[in-house]
Amino acid sequence: MSAMDQLKQIRFEAQAAIEAAASSAQLEQARVEHLGRKAELPNLLRGVASLPPAERGSVGKAANQLRKELEAALETRQSDLERAELDARLATDVVDVTLPASPVVPVGRLHLVTATRREVEDIFLGLGFRVAEGPEVEHAYYNFDGLNFNSSHPARLWTDTFYVSEDVLLRTHTSPMQVRAMELHAPPLYLIIPGRVYRRDSDATHTPQFHQVEGLAVDEDITLGDLNGTLTTFARAVFGDERKIRLRPHFFPFTEPSVEVDVSCFNCRDGFVRDGSRCPLCKGTTWIEILGAGMVDPNVFEYVREFGYDPDRYTGFAFGMGLERIAMLKHGVTDLRLFYDNDLRFLEQFG
Amino acid sequence: MKLPLIWLHDYCRPDVSASELASRLALTGTEVDRILHHGVSEADCFIVGRVLSAERHPDADRLSVCIVATGEGDTAQIVCGAPNVAAGQTVAVAQPGAVMPDGTKLGKAKLRGVESSGMILAEDELAIGSDHAGIMILDEDLVPGTPLAEVLPISTDVLELEITPNRPDCLSVYGVAREVHAATDAPLTAPPWQEDSGSAGRVPGFDARVEAGDLCPRFTLRLFEDVKIGPSPPWLKARLSAAGQRPISNVVDITNYVMLLTGQPMHAFDADTVAGGILTVRRAREGETLTTLDGVQRPLDPDVCLIEDAAGPTSIAGVMGGARSEVSESTTRVLMEAATWNGPNIQRTSTRLGLRTEASGRFEKQLSPEAAMEAQAIATKLMVELCGARVVEGTIDVLEPVGSAPFDEIELADRTVERILGVAIPREECAAILTRLGFETRDAGEGLNVRVPHWRRDDVAREADLVEEVARIWGLDRLPVTLPSRRDAVGRLDVAQQLRRRAEDVLTGCGLSEAIGWSFAAPSFPQRLGLADSDPRSRFVTLANPMSEDQSVLRTTLLVSLLDNVRTNRARGNHDVKLFECGTVYVRREATDAAAHSGPGASERDAAVAPSAQRDAVLPVESTHVAALLTGSLRPVSWREPQPPQADYFAVKGVLAALLDALRVPWEVQAASEPFLHPGRSARILIGGLDAGWLGELHPTIVGGWDIASAAGFELDWATVAQAAVHVPHYRDVTSFPAVRQDLAVVVSDDVTAEEVLDQLRSAGGKLLRKAEVFDVYRGEQVGEGRASLAIRLEFGADDRTLTDEEVGVRRAKIVSTLAERLGGELRG
């Protein structure tokens with residue numbers, strides 16, 4: 001058999017073996033058999049030198065070409081086999097996809113009061129207010145006197161307010177920080193003051209402790225119209241862009257004029273809900289009371305005049321709202337006491 | 001206060017429905033709680049009738065069969081059970097079809113076999129009074145068939161008003177009528193006290209002496225003779241009933257009627273029981289007592305104002321009368337008192353004695369002295385008309401000059417209105433509004449000069465008050481909607497506030513939910529936590545007037561609230577609880593450190609500087625703490641993890657590490673316990689060498705007190721954390737020179753802590769050792785009894801070059817030798 005015939009024979013056999021290999025192992029066997037050290041083709045290549053010079057060139061070239069050809073065929077076959085083997089392996093690796101997930105540690109929740117406080121803070125931050133806090137155990141001066149409560153105002157009564165001593169009490173509102181803030185900072189002043197407050201009251205809509213956010217803006221030209229606009233912006237941010245607010249005249253010792261502020265009901269249409277019954281949220285009135293407000297009473301400025309608050313030069317507005325009340329309205333919570341049970345089934349619904 | 005519209009309409013009758021009126025009042029400053037209906041809902045079928053005949057029922061002794069004229073010649077047969085029914089009486093009749101106040105509809109009926117078409121009415125059946133002893137007998141002039149509603153107020157809407165404390169003038173029908181007039185512009189009739197048939201001057205046989213003039217600006221008395229005590233006429237009873245007052249007798253009803261109409265309470269004395277004919281107003285003496293009408297003996301003090309006669313005290317002024325001089329059925333001479341008392345003093349007295357009456361509720365808001373004579377004028381008219389009385393010439397009138405000083409005018413500048421409201425209101429409009437409210441106005445160049453009427457004297461004293469009066473009637477719905485111009489204001493959270501939000505977010509990210517506990521605690525909490533009396537946390541703040549013993553002091557640690565919250569959750573079936581709180585604790589100052597901090601870690605709010613410092617010295621130290629408490633499984637049970645790890649020391653330390661590392665706070669722990677912690681699984685948290693709080697597993701006995709088997713937690717002083725936090729981290733090169741990482745295993749004695757090993761390692765490693773972390777601990781045969789092998793990962797690096805093997809080798813050798821020398825550590829493997 002001539003060398004060229006021999007090469008033909010090798011190609012035929014090797015290609016058949018490569019194609020026939022059904023696994024990586026068989027393919028490796030084919031490789032050893034046909035391209036391994038002891039195989040025919042390498043032997044032949046090694047023997048090229050001993051061929052007659054006329055054949056040397058053509059046989060050597062053909063043999064080399066065949067080797068490359070077979071190596072390429074092996075590689076192709078190898079990757080085909082690997083893919084098939086992987087497919088087969090994956091095909092048997094089946095899980096019940098409907099089993100529950102591996103739990104990551106579930107995230108906790110902010111308390112609804114904190115979540116609401118942040119929401120309110122962020123609205124007023126955007127309106128140019130800063131945030132301050134103050135002491136909860138407070139001097140009667142800041143809680144009452146400095147806010148123009150006369151000495152016999154019923155809020156001072158021991159039936160309404162928690163006292164530690166004659167002059168020291170648990171603040172009944174966040175308003176004392178109005179006076180403290182004005183003592184510390186000259187106008188203009190744009191502040192909100194979130195915090196815990198206390199009143200001697202306990203039922204489904206009153207707890208002896210709750211949270212308020214106070215607002216105070218003092219500048220040279222603050223008007224009741226500015227309060228109207230500021231609270232409209234606030235109400236829309238919290239309760240929806242279609243909301244309107246309504247100011248009703250009221251009385252607070254530390255504001256004049258004083259108003260109570262209602263927001264238009266977001267739960268009903270004209271006082272009735274979809275099934276035709278009276279709206280339980282606004283009681284059919286289409287308005288919901290959300291906070292108290294007013295223009296800072298000139299008497300309050302008199303208490304801090306020495307710190308730069310000349311009532312002839314500055315005007316201001318102030319407001320105070322209950323955070324729990326905002327949260328209850330917004331989220332439909334019906335019992336205030338839930339806020340302090342800290343039952344996880346409650347906490348995990350919000351925040 | 002209850003305002004029957006039918007009564008209001010005597011003085012002002014706006015052409016609007018009750019609900020429209022209510023909303024108009026609400027929008028002008030008089031809050032309406034609700035609209036009630038008093039009496040029958042439909043006045044149809046209620047008429048005036050005349051009893052033509054009344055015969056005894058053939059089968060029932062107590063019943064009468066009456067023939068009643070019902071108008072236009074018609075008659076009806078009505079069976080009546082009242083003992084007083086008789087022919088000739090003019091009566092109130094409900095005909096079949098009438099709906100009674102309780103909702104039942106009247107039909108034809110047979111009573112003991114006799115047909116009855118309707119009912120002759122007693123007072124209580126129309127909710128006019130409580131009398132059910134007999135039928136109501138009407139004025140004989142009335143024509144049968146006249147609708148009853150035309151002659152008696154049997155049906156009226158009633159507004160229940162919420163009157164703010166600055167408006168005692170609105171605790172009266174005429175006062176509200178004035179508001180309605182201002183709010184709706186419906187005409188207002190002249191005040192009912194305009195004509196007074198009484199006269200001034202001395203009253204023979206009687207006198208009054210006011211010894212406590214500061215507590216009694218005015219004291220007036222009028223004497224009535226030939227008084228016939230009896231029931232009031234139905235119209236008066238009906239009004240009182242609709243306004244929520246029970247009719248009693250004509251004289252008492254008159255005092256109540258006058259009070260409801262004018263706001264000025266009155267008191268009627270039986271003149272013949274006033275010993276010595278002289279009434280004295282004085283302060284009570286120390287130790288004096290008085291038995292009030294309700295039969296309670298009350299201890300008094302010199303701040304309580306009394307009225308006494310020659311036989312001693314008869315009443316507590318402005319609050320409650322005494323039994324001795326009360327009007328009775330046999331009274332024929334009445335001394336009618338109308339006085340003005342010092343409001344704050346009345347409030348103090350009524351609070352101290354726990355006695356609140358309709359009268360004290362009005363007096364305490366400070367009535368004007370003028371109102372006293374207004375009340376006398378109306379009472380005089382009614383005493384004559386309803387009791388057949390004769391008013392004796394003269395009025396005893398002791399008037400303190402202070403209260404009657406003429407009041408000044410207030411200027412209301414046009415520009416002030418605009419400056420406060422943000423909109424200009426024409427001067428004429430301001431004047432018209434103020435006039436409707438009873439103010440007198442006069443044009444004054446740049447605005448108005450305004451005189452305040454006596455009933456608003458206490459409430460309106462400044463320009464701002466007038467602006468409010470104008471604005472509320474003008475209409476707050478017409479205000480512009482603007483934002484402050486804010487030339488110099490930037491809203492932002494300060495660093496501490498940003499850090500706090502970050503802290504809360506990290507903790508929720510770690511799977512903890514936020515709790516907000518009670519600031520209140522039971523005084524037993526320090527004992528329950530095993531705290532010594534000398535522990536600052538035993539120095540709680542005690543409330544003088546708590547709502548309950550359980551909430552009578554303030555917490556000094558968040559742990560007590562968290563334990564309560566965990567117990568609540570466990571009691572409700574949730575055994576895996578992970579909570580944190582970021583809240584305030586309150587520690588009473590010691591007498592010796594009035595202004596100083598109460599101890600390490602305690603911090604005060606920033607307001608403690610400057611103006612408030614002196615007042616703050618009496619306040620407790622308030623600090624914000626951050627605390628966490630975990631119990632049960634750290635993760636939910638699942639098919640992949642049927643037994644998840646439980647909350648223990650290391651779990652809680654992981655949460656603490658997440659929190660402090662997130663805030664970039666350098667920290668370490670030191671084994672140390674607290675009375676409420678597991679002695680072997682607890683530590684102090686140190687931040688920059690300062691004690692920042694505790695960390696550990698709770699002592700089983702302590703948590704047992706909260707029905708909890710095991711729990712772990714920490715509590716940090718937030719100010720210490722926030723001060724140490726790196727808010728603006730500085731960039732450190734991480735790409736130019738790669739670090740060299742090596743592991744090291746060292747065997748040390750069990751009593752050497754990981755922190756001690758790392759401390760030695762760091763000092764030996766020098767600046768080039770950037771990081772050293774324990775990543776495995778092994779105890780067992782291979783290292784020998786009482787010893788532990790710590791596997792530590794080391795990271796070397798320099799900012800200006802890549803370290804050579806040689807440099808690292810030198811450091812490592814130093815580390816190994818230091819560990820051997822200082823801690824007896826042996827390299828393993």
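The structure displayed is predicted, hence computed values, not measured ones. All values below were derived from every heavy atom in this structure, side-chain atoms included, with hydrogens, water molecules and symmetry-related copies excluded. The sequence lines fix the lettering, A, B, ..., with proteins before strands; numbering per chain opens at 1.
In this structure, the portion of A/Thr233 lying under 4.5 Å from any heavy atom of chain B is its side chain and not its backbone. For a residue to count as touching a neighbouring chain, one of its non-hydrogen atoms must lie under 4.5 Å from one of that chain's; by this rule A/Leu231 does not touch chain B. In this structure, chain B has a heavy atom under 4.5 Å from the backbone of A/Asp312, while its side chain stays farther away. For chain B, the nearby part of A/Phe339 is the backbone; its heavy atoms alone come within less than 4.5 Å. Heavy atoms closer than 4.5 Å to chain B are found in the side chain of A/Pro188, but not in its backbone. Contact of A/Val179 with chain B is not made at all, since no heavy-atom distance falls under 4.5 Å. For A/Arg109, the parts sitting under 4.5 Å from any heavy atom of chain B are the backbone and the side chain alike. Heavy-atom distances place the side chain of A/Asp219, and not its backbone, under 4.5 Å from chain B. With a 4.5 angstrom heavy-atom cutoff, A/Asp201 touches chain B only via backbone atoms. Contacts of A/Tyr141 with chain B are made by side-chain atoms alone, with heavy-atom separations under 4.5 Å and no backbone atom involved. Both the backbone and the side chain of A/Thr230 come within contact range of chain B, each with at least one heavy atom under 4.5 Å from a heavy atom of that chain. Interface remark: B/Trp639 contributes side-chain atoms only to the contact with chain A (heavy atom separation under 4.5 Å). Contacts between A/Arg117 and chain B at a heavy-atom distance below 4.5 Å involve the side chain alone, from C-beta outward. For A/Ala115, no part lies under 4.5 angstrom from a heavy atom of chain B.
The side-chain heavy atoms of B/Leu476 and A/Leu224, taken from C-beta on, include a pair separated by under 4.5 Å. Considering only heavy atoms from C-beta on, A/Tyr340 comes within 4.5 Å of B/Ile516 through its side chain. At least one side-chain heavy atom of A/Leu110 sits under 4.5 Å from a side-chain heavy atom of B/Asp505. Between B/Glu468 and A/Pro249 there is no side-chain heavy-atom pair separated by less than 4.5 Å. Contact of the B/Arg472 side chain with the A/Arg248 side chain is not registered, since no non-hydrogen atoms from C-beta on lie closer than 4.5 Å. At least one side-chain heavy atom of B/Leu579 sits less than 4.5 Å from a side-chain heavy atom of A/Leu344. The side-chain heavy atoms of B/Glu463 and A/Glu256, taken from C-beta on, include no pair separated by under 4.5 Å. B/Arg492 is not listed as a side-chain neighbour of A/Val131, based on a closest heavy-atom distance of 4.5 Å or more.
Contact count versus chain A (heavy atoms, under 4.5 Å) is highest, among B/Thr164, B/Val467, B/Thr568, B/Ile420, for B/Ile420. Of the residues considered (B/Val577, B/Val541, B/Leu493, B/Leu507), B/Leu493 shows the highest number of contacts with chain A, using heavy-atom pairs under 4.5 Å.
Remark: side-chain polar atoms of A/Asn342 are not paired, donor with acceptor, to backbone N or O of B/Ala515 under 3.5 angstrom.
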Could you check A/Thr223 against B/Thr482 for side chain to side chain contact (heavy atoms under 4.5 Å, CB included), going step by step and ending with a plain yes or no? CA-CA 9 Å; A/Thr223 67; B/Thr482 52; 4.2 Å; yes
For A/Arg345 and B/Asn569, what are the C-alpha separation, side-chain angles and deciding distance, and is it a side chain to side chain contact (heavy atoms under 4.5 Å, CB included)? CA-CA 9 Å; A/Arg345 294 169 300 176; B/Asn569 275 287; over 6 Å; no
For a side chain to side chain contact (heavy atoms under 4.5 Å, CB included) check, start with the C-alpha distance between A/Leu347 and B/Glu514, then their side-chain angles and the critical distance, and finish with the verdict. CA-CA 8 Å; A/Leu347 298 178; B/Glu514 187 194 12; over 6 Å; no
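Ring geometry for A/Tyr198 versus B/Phe520: interplanar angle over 60°, hence perpendicular rather than tilted (30 to 60°).
The nearest pair of heavy atoms linking A/Val137 to B/Pro620 is CG1-CD, 3.4 Å. Nearest approach of A/Pro311 to B/Arg419, heavy atoms of both residues: O-NH2, 3.1 Å. When all heavy atoms are compared, the tightest approach of B/Leu27 to A/Leu247 is CD2-O, 4.4 Å.
The pair A/Arg130-B/Asp494 fails the salt-bridge criterion, with no side-chain N (NZ, NE, NH1 or NH2) lying under 4.0 Å from an Asp/Glu carboxylate O. A salt bridge links A/Arg196 with B/Glu581: the closest approach of a Lys/Arg side-chain nitrogen to an acidic carboxylate oxygen falls below 4.0 angstrom. Taking 4.0 Å as the cut-off between side-chain N and carboxylate O, A/Glu138 and B/Arg615 do not count as a salt-bridged pair. The pair B/Asp477-A/Lys244 does not meet the salt-bridge criterion, since no charged nitrogen lies less than 4.0 angstrom from a carboxylate oxygen.
For the pair B/Arg167 and A/Phe251, the cation-pi criterion (under 6.0 Å, within 45° of the ring axis) is not fulfilled.
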